[in-house]
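Here's the structure, in structure tokens; my notes come after.
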Amino acid sequence: MSVETPELTVEAANSKPASEPKELTDGFHLLIDAFKANDLNTIYGVPGIPITDFGRLAQASGMRVISFRHEQHAGNAAAIAGYLTKKPGLCLTVSAPGFLNGLTALANATTNCFPMILISGSSEREIVDLQQGDYEEMDQLAIAKPLCKAAFRVLHAEDIGIAVARAVRAAVSGRPGGVYLDLPAKLFGQVMDAAEGAKSIVKVIDPAPAQLPAPEAAQRALDVLKGAKRPLIILGKGAAYAQADDVVRQFVEKSGIPYLPMSMAKGLLPDTHKQSAGAARSLALKESDVVVMVGARLNWLLSHGKGKSWGEPHSKKFIQIDIEPTEMDSNVEIAAPLVGDMESCLQSLLNGMGDNWQTPPQEWLSAIAAKRDTNLARMEKKLSNVTEPMDFHTALAALKEIIRQRPDAMLVNEGANTLDFARSVIDMYKPRKRLDVGTWGIMGIGMGAAVAAAIETGQPVLAVEGDSAFGFSGMEVETICRYNLPVCIVVFNNNGIYRGTDVNPSGGSDVAPTVFVKNSRYDKMMEAFGGVGEHVVNQDELTVAVNKAMDSGKPTLINAVIDEASGTESGRIGNLNPQSVVTKK
Ligand code: ADP
Ligand code: MG
């Protein structure tokens, strides 16, 4: 089935010849007009039936169309574009299998509260609903629905404007998330009067309206906070997303309360800030008595707000700022829920704090500072080692220094040990510079995130990738070369998943399930597409290679040899990976 742009003549619209020729438009053009009207100018996708021509026409109209090699990575790029810009990132896919590939990214975006719109072509409704076996037949709308925030199908060209408006508003208002837009092949070719079509386009007014918290809720939060002896602030990626950077800083600094940044909230205030309790995390969680959650959820990443890491049961009170009311009490009682948008909520707290706000008792601040200094000194020792082959710390010491010197660079990070160690070693200095595996802790976001980071910010990107993690999206190095993006990928190559040292317990000839080809040269992949490949075995070589890449802006892949014995099982979440205690003959 091929879709051709229909002749834009009256005859195409009406069987009866009209008295005077009218200008016509069609589904393709209406969709492009609707996106542009809403300032959505970039599409991440994979071309194919029935959306190939749509991509061409979008590019011809001045939209940026970035084609990937696999829909999941295009979707991850769209999600990160949404996170960075507060506008829904667009992902375009073909039907059934392409749609399903993109759907993984849509579900991930929704889980992470990133706004994106997945647009997939689909087969003919009549045939799909009678299950008559159409080309790539699938009831995509039904499948998408439980996995995203909203899902819509458009059957008539005159509804495209309103459908895009609904999709935009659903993606960015309240808690942001993923939206699915189902576009049957037939829709693209539908024609209508151009003037009527233009009127059908809706530019969404105030797509993410401010949501002011109730004054009583702010007062309640301040009352709880005033009674605190050992308060703690936890900043999450919801605070980073909100782009309320000044207000976040004012709240933290005026309150004088130590704060912990969640992974993607690192840099909202510089990690070197004197109130950062990042290096005293265990103590801060355990000993605090009042915890202010600022755009962060009490999910698995924070042990659900209970258990050993949180100290004595019921030993603390939570204040939580979130735009989503049902997030409150998700895991533990929230003593002071503050529901609204980040900026309005923090502003209401700041207003209520007045001029004589009491900062926390010195005893608490000193305890945190002492712990932080001890832990940082211990870390410093590991970072100052010189080893060849490198271990995670010696390699990361080089990258830590590079990011210190280049605070505007975007950092993408995924892997197990590569993620865990990089998160604690590499300090971030500016908001929304760190992009990582997010709420699900998934592998495979790397190259999609790197492409979007480069396209949306224009900054150089450093992608720090475990060798396993890189493999999920590695083919996108071609995409990076094709668009000549300033992306420097460092593959931490330790020959396998977690480590490269596992052996086949049966003694058979297959290698262990976690082991890759030894001494692989990932750098050759980049060279295959005209990018720069580098192979480094020590810290100095790594530093030189990364600086060269960041200065030149040329697509670069650095194969960094890491001691194959230096990783730990599952990184820091080994406790989530059940291990058998039963031995069988
Ligand atoms: P982290 O993983 O960093 O802890 P989460 O993704 O778990 O962050 O939590 C982010 C929270 O921020 C979500 O509960 C989401 O509803 C909330 N959020 C997102 N945008 C805003 C906003 N503009 N204002 C307030 N809360 C927001
Ligand atoms: Mg590895």
Side-chain angles (χ1 to χ4, degrees), residues 232 234-235 252 258-287 309 364-409 411-430 433-434 436 462 464-466 488 490 492 494 498-499 536-547 550 558 560-563 565-568 571-574:
L232 173 69
I234 297 184
L235 302 175
V252 170
Y259 72 91
L260 278 181
M262 297 301 287
S263 188
M264 285 177 64
K266 275 165 69 78
L268 206 39
L269 286 88
D271 280 333
T272 48
H273 193 284
K274 69 178 192 327
Q275 283 170 257
S276 170
R281 181 185 162 96
S282 307
L283 176 101
L285 289 181
K286 199 167 197 170
E287 303 289 330
S309 53
W364 173 236
L365 301 181
S366 303
I368 298 234
K371 190 73 186 177
R372 182 189 61 207
D373 295 346
T374 315
N375 286 346
L376 285 179
R378 197 182 304 158
M379 163 95 78
E380 211 42 58
K381 233 176 110 195
K382 284 191 204 165
L383 294 177
S384 61
N385 282 339
V386 178
T387 61
E388 189 171 327
M390 295 179 281
D391 62 22
F392 286 95
H393 282 93
T394 50
L396 287 168
L399 303 183
K400 174 191 174 94
E401 178 56 19
I402 285 166
I403 292 294
R404 195 183 67 78
Q405 290 170 9
R406 302 169 185 271
D408 287 317
L411 181 74
V412 172
N413 188 201
E414 62 176 336
N417 292 283
T418 306
L419 174 85
D420 290 338
F421 290 127
R423 184 172 48 220
S424 48
V425 169
I426 301 180
D427 289 329
M428 304 305 295
Y429 301 87
K430 297 196 173 181
K433 294 292 181 187
R434 188 185 153 83
D436 68 25
L462 177 63
V464 182
E465 301 273 316
C488 171
V490 179
F492 275 27
N494 66 347
Y498 313 135
R499 290 180 291 262
V536 304
V537 299
N538 61 42
Q539 237 183 18
D540 289 345
E541 288 177 4
L542 178 59
T543 301
V544 169
V546 176
N547 277 320
M550 303 294 273
I558 300 167
V561 177
I562 304 288
D563 182 355
S566 79
T568 62
R572 287 211 186 129
I573 51 174

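Just so you know, residue 1 is the first one in the sequence shown, and it goes up from there. These values consider heavy atoms only, across backbone and side chains, with no hydrogens, waters or symmetry-generated copies.
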Nearest 0.5 angstrom please: [X] [atom1] to [Y] [atom2], how far?
X      : Y      : atom1 : atom2 : value
Thr387 : Asn538 : OG1   : CG    : 9.0 Å
Thr543 : Ile402 : OG1   : CD1   : 5.0 Å
Ile403 : Leu396 : CD1   : CG    : 11.0 Å
Ile562 : Leu542 : CD1   : CG    : 8.0 Å
Arg372 : Gln275 : CZ    : CD    : 9.5 Å
Lys433 : Arg406 : NZ    : CZ    : 13.0 Å

For a side chain to side chain contact (heavy atoms under 4.5 Å, CB included) check, start with the C-alpha distance between Asp436 and Leu411, then their side-chain angles and the critical distance, and finish with the verdict.
CA-CA 8 Å; Asp436 68 25; Leu411 181 74; over 6 Å; no

CA sep, side-chain torsions, deciding dist, call: Asn417, Thr568, side-chain hydrogen bond (donor to acceptor under 3.5 Å, both in side chains):
CA-CA 7 Å; Asn417 292 283; Thr568 62; 3.0 Å; yes

Using only atom types and a distance under 3.5 Å, with no angle test, would you say the side chain of [X] pairs donor to acceptor with the backbone of [Y]?
X      : Y      : answer
Lys371 : Ala284 : no
Thr418 : Glu414 : no
Asn375 : Met379 : no

Set out, in order, the CA-CA distance, both residues' side-chain angles and the distance that settles side chain to side chain contact (heavy atoms under 4.5 Å, CB included) for Leu462 and Val546, then state yes or no.
CA-CA 8 Å; Leu462 177 63; Val546 176; 3.9 Å; yes

Hey, are the side chains of [X] and [Y] touching, using non-hydrogen atoms and a 4.5 Å cut-off?
X      : Y      : value
Asp271 : Pro261 : yes
Glu465 : Val412 : yes
Val425 : His393 : yes
Asp427 : Pro270 : no
Val252 : Leu269 : yes

With sequence neighbours excluded, what pairs up with Lys430 under the salt bridge (Lys or Arg N to Asp or Glu O under 4.0 Å) test?
Asp408

Does the side chain of Asn413 pick up a donor-acceptor pair with the side chain of Arg423 at under 3.5 Å?
no

Check the pair Asp391, Thr394 against side-chain hydrogen bond (donor to acceptor under 3.5 Å, both in side chains), reporting the backbone distance first and the verdict last.
CA-CA 5 Å; Asp391 62 22; Thr394 50; 3.1 Å; yes

When you look at Val490 and Val536, which way does the side chain to side chain contact (heavy atoms under 4.5 Å, CB included) test go after all the steps?
CA-CA 10 Å; Val490 179; Val536 304; over 6 Å; no

Parallel, tilted or perpendicular: which one describes the rings of Phe392 and Phe421, with boundaries at 30° and 60°?
tilted

Phe492 and Met390: side chain to side chain contact (heavy atoms under 4.5 Å, CB included), yes or no, with the steps?
CA-CA 10 Å; Phe492 275 27; Met390 295 179 281; over 6 Å; no

NZ/Lys400: more than 12 non-hydrogen atoms of other groups inside 6.0 Å
yes

